[in-house]
Every structure is written in structure tokens, then in C-alpha cells.
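The structure appears right after this line, and notes come after that.
When reading the values below, keep in mind they use all heavy atoms of this one structure, side chains included, and skip hydrogens, waters and symmetry mates. Owing to the predicted nature of the structure, the values given are computational and were not obtained by experimental measurement.
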Amino acid sequence: MKAGRKAHIALPAALTACFLLLLLVSGFYFARYLQAQIFQERTTQLNEITSQVRVNLGTALDAHWKYLNTAVNLLSAEEYASAEEVTERIAGLERLLELESGSAALMLLDSRGNSYDAEGRLGVWRGIDQISGGAARQTFISGSYLGRGSSWTFARKLDAPLVTEEDGTVFTHAVLLEDVYTMSQYYDSDAYGSRNETYILKSNGTRMHDDVSGEGSTIQAYNVLKVLEEMEGQTHTDIRAALEEQDTVSARFQYEGVEYYYCIASLPKYDTLLLFLTPAEFGAPGTVNMVGAVVKMLLIMGTVLLVMLVLAAVLFAMQQSSARLFRQEQENLRRQAEMNQRL
């Protein structure tokens, strides 16, 4: 009798345990699947935005180089008696190329590093060190004499020095400056409600410019790429090597308890890297909300199923107990009948 009672109890208990185990295991793997889908959606969205911004910025940089090349060709087509004539010609080219808005300027550099614009000689240009390597053309961000912070700088070494006839001034480089905030329209994005940060880096990972204040930026170090590679949860320990294999690199990391997603793209033609960074909570919110709704629904369904299973087990146990009592009562009646017959 006791063995049968244990068998009746063991069956529903085993079924309940198996169901709970199945629920836990399936819930664990399903949660990992949902996390992978959220990661995929966030990185895909970030890759698409970064790729589009890279195209926009590349197109803008190409356009500025066309401006500079046109100016150089027009400058080289004439002869000049003095540096003053050169500055007058620069002023005419600015009007011709519509560079008079105040956000852009055209300059020539002489062999001593002095700069000349439409107003005349300005003295030694502060960006002379960055073009001293002798490269034919360079694109970078430097401090600007425009009085509005930094400037995108397009510097080209002249194919042949431009020498004035009377004073013998030798011009070696042409430079086009564009205010960095004017250029920011090509790489700013409101896809994350202005919650994203944009960094313009040199190809070695050092900072040239960012669109946030020094105190507000998540990464404040000069070598942004090195700091990014050392972040907690970072999966790319050598981002530049990863960029050699794919157009964009995206991943996530933890910083001061906050999860961030980033995407970095290269503009090798301009020796430049473009970095987008945003807190995870602002990435693909529609997908995250949908996943949250699905998880809540599954939790409710799982809870309902578990309650139903418990109720079924209780009812089964009660039924078994009633059946056992009924059989025991029948057995007692049978024994009492036998005793009555003997008496």
C-alpha cells in the first residue's frame, strides 16, 4: 500500500520537476537569443548610420579638395610681381568660389611658413608643423585663425613653387580652411535624439575633434582608440586591425556601470577615422520594447502554465487520496461483512 502511495506521488512530482527544468533551460537559451537579437539590431542600425555619415563626410571632403585644386590651377595660371598681387588674386578667387561666408578661407604659404590670405600676410601659420613632412596633400583638423575654434584643413604642396618677380617671395603650399562647425552638418546625426557622440580621429586613433564638450564626452583621453580597446567588455583588442578586414567595426562595452555601443569607420583617403558612440538604452528602442513585450507575455504564459500544472497536481493528489480512502472504506466494509458472517 505504501509503495503504491509513493508511486502515485512520485509521478506528478517528477512531471512537475521536469516541466520546471525545461522551463528554466528554455528560458535561459531564449534570453540569450533575445540578447543576441538586440545586439544585432543595435549594431546593424549603428553600422547603417555610420556608413551613411561616412559617405556624406567623404563627399564633403572631396568637394573641398575640388575647390582647392581649382584655386591652385587658377593661381598657377598667372604671374605675379609681388606678394600683394597674390593676396589680391586670393580675394578674387574667394569671391569666385563663394568662400566669403566667413566659415572658409584660402591661403598660400611661403617657404618660411608665413601665411597669406585675402587680407595680406598673417605671419607663421600655426599648422606648419603638420605639413612639414613633405606630403603632397594632407587633410586634418587644426586650430583656426578664423576665431571660431578649429578648422578642417586641406593642404596641398604646389607642383612647382610660385615665385613673385619683384620681391622674390616663394610660395610652396596652398591651404583651404573650413570651419569645423560648418563641416559638422555632414557627420552629425539626430538618429539617437542627440544622445550620440561623434569623434573625428586620426588613423592612429588620436583625437582631432569631437562634437561634445570636454566634460560631457565619455572618452576624454587624447588617444581615443587605445582607451576604447581597454574598456570593460570590449571584444576588439585591435580595432585598426579589424578595420583592415571590414568597412566598419561595431561592438559594446561597459563604462562606469553604463553599457555603450559604438561604431567606427575609416576614411583611408583622408587618414581619418569616424567614431559614433551612444548609450545602449537609446539604440533600437523599438526592437527592445518589442522584445520586452514578448518577454512579459512569455512570463505571463509561463506563470499561468505553472499555476495550472500545480493545480492539476493538487487535483491529481486529491483524486488519488479520495480513491485511496474509497478503497480503504470498501476494504473495511468487506472485512466487517466477513466478520458478521462468521458471527
Side-chain angles (χ1 to χ4, degrees), residues 57 59-188 200 202 208-211 270-272:
L57 180 58
T59 301
L61 296 178
D62 288 342
H64 282 76
W65 268 107
K66 289 179 181 178
Y67 274 116
L68 181 59
N69 291 333
T70 300
V72 168
N73 292 336
L74 293 174
L75 281 168
S76 302
E78 299 182 14
E79 296 181 353
Y80 306 93
S82 63
E84 287 74 13
E85 289 188 5
V86 174
T87 59
E88 291 176 1
R89 181 57 174 159
I90 290 175
L93 288 176
E94 286 188 348
R95 290 191 295 271
L96 179 65
L97 299 175
E98 299 179 348
L99 301 177
E100 298 178 279
S101 62
S103 65
L106 180 64
M107 297 193 316
L108 285 180
L109 305 179
D110 65 18
S111 56
R112 297 182 178 181
N114 295 309
S115 58
Y116 298 74
D117 68 357
E119 301 296 327
R121 178 175 169 177
L122 301 173
V124 177
W125 180 48
R126 68 180 64 181
I128 191 65
D129 291 340
Q130 299 195 55
I131 65 171
S132 59
R137 51 176 274 172
Q138 289 179 271
T139 306
F140 55 92
I141 295 177
S142 68
S144 172
Y145 80 102
L146 296 174
R148 297 177 59 185
S150 302
S151 292
W152 277 92
T153 303
F154 307 86
R156 172 181 167 179
K157 185 177 182 180
L158 300 179
D159 297 333
L162 184 63
V163 184
T164 58
E165 296 178 355
E166 294 181 1
D167 54 22
T169 304
V170 180
F171 295 99
T172 58
H173 290 79
V175 177
L176 176 62
L177 300 173
E178 178 68 76
D179 182 69
V180 72
Y181 295 103
T182 301
M183 287 288 288
S184 66
Q185 63 182 305
Y186 298 104
Y187 53 81
D188 276 350
I200 306 297
K202 295 179 182 178
M208 286 199 292
H209 176 71
D210 62 60
D211 64 349
Y270 298 107
D271 195 33
T272 298

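Residues passing the side chain to side chain donor-acceptor pair (under 3.5 Å) test with His209: none are found, sequence neighbours excluded. Applying the side chain to side chain contact (heavy atoms under 4.5 Å, CB included) test to Ala174 and every residue at least two apart in sequence or in another chain returns Leu68, Val72, Leu108, Leu158. Remark: Val124 pairs with Asn114, Ile128 by the side chain to side chain contact (heavy atoms under 4.5 Å, CB included) rule, at least two apart or across chains. Shown here are the side chain to side chain donor-acceptor pair (under 3.5 Å) partners of Glu84, two or more places apart in sequence or in another chain: Ser82. Applying the side chain to side chain donor-acceptor pair (under 3.5 Å) rule to Tyr270 yields the partners Asp62; only residues at least two apart in sequence or on another chain are considered. For the side chain to side chain contact (heavy atoms under 4.5 Å, CB included) test, residues two or more places apart in sequence or in another chain that qualify with Ala83 are Tyr116, Asp167, Thr169, Phe171. Taking the side chain to side chain donor-acceptor pair (under 3.5 Å) definition, one finds that Thr172 meets it with nothing, sequence neighbours left out. The salt bridge (charged side-chain N to carboxylate O under 4.0 Å, His left out) test applied to Asp159 returns Arg156, not counting sequence neighbours. With sequence neighbours excluded, no residue satisfies salt bridge (charged side-chain N to carboxylate O under 4.0 Å, His left out) with Asp271.
Atom CG in Leu57 sits 10.5 Å away from atom OG in Ser184 (nearest 0.5 Å). For the atom pair Ser150 OG and Glu178 CD, the distance stands at 13.0 Å (nearest 0.5 Å).
Counting heavy atoms from C-beta on, the side chains of Leu177 and Thr153 come closer than 4.5 Å. Counting heavy atoms from C-beta on, the side chains of Ile141 and Val180 come closer than 4.5 Å. Side-chain atoms of Val86 and Thr164, non-hydrogen and from C-beta on, do get closer than 4.5 Å to each other. A 4.5 Å side-chain heavy-atom check between Thr87 and Glu119 finds every atom pair outside the cut-off. Between Leu176 and Met107, every side-chain heavy-atom pair lies at or beyond the 4.5 Å cut-off. Counting heavy atoms from C-beta outward, Ile200 and Trp152 have side chains that approach closer than 4.5 Å.
At least one donor-acceptor pair closer than 3.5 Å links the side chain of Glu94 to the backbone N or O of Leu106. With hydrogens and angles ignored, the 3.5 Å screen pairs a side-chain donor or acceptor of Ser115 with a backbone N or O of Gly123.
Note on residues 77-97: no pairs pass ring pair (Phe, Tyr, Trp, His ring centres under 6.0 Å), not counting sequence neighbours. Listed by first then second residue, pairs satisfying salt bridge (charged side-chain N to carboxylate O under 4.0 Å, His left out) with a partner in residues 71-82 read Glu78-Arg89, not counting sequence neighbours.
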- Task: Just do the side-chain contact (heavy atoms from CB on, under 4.5 Å) check on Leu93 and Thr70 with the steps written out, would you?
- Result: CA-CA 9 Å; Leu93 288 176; Thr70 300; over 6 Å; no
Return a table of donor-acceptor pairs under 3.5 angstrom between the side chains of residues 133-140 and protein atoms on other chains or two or more places apart.
| unit_1 | atom_1 | unit_2 | atom_2 | d |
| --- | --- | --- | --- | --- |
| Gln138 | NE2 | Gln130 | O | 2.8 |
| Thr139 | OG1 | Trp65 | NE1 | 2.9 |

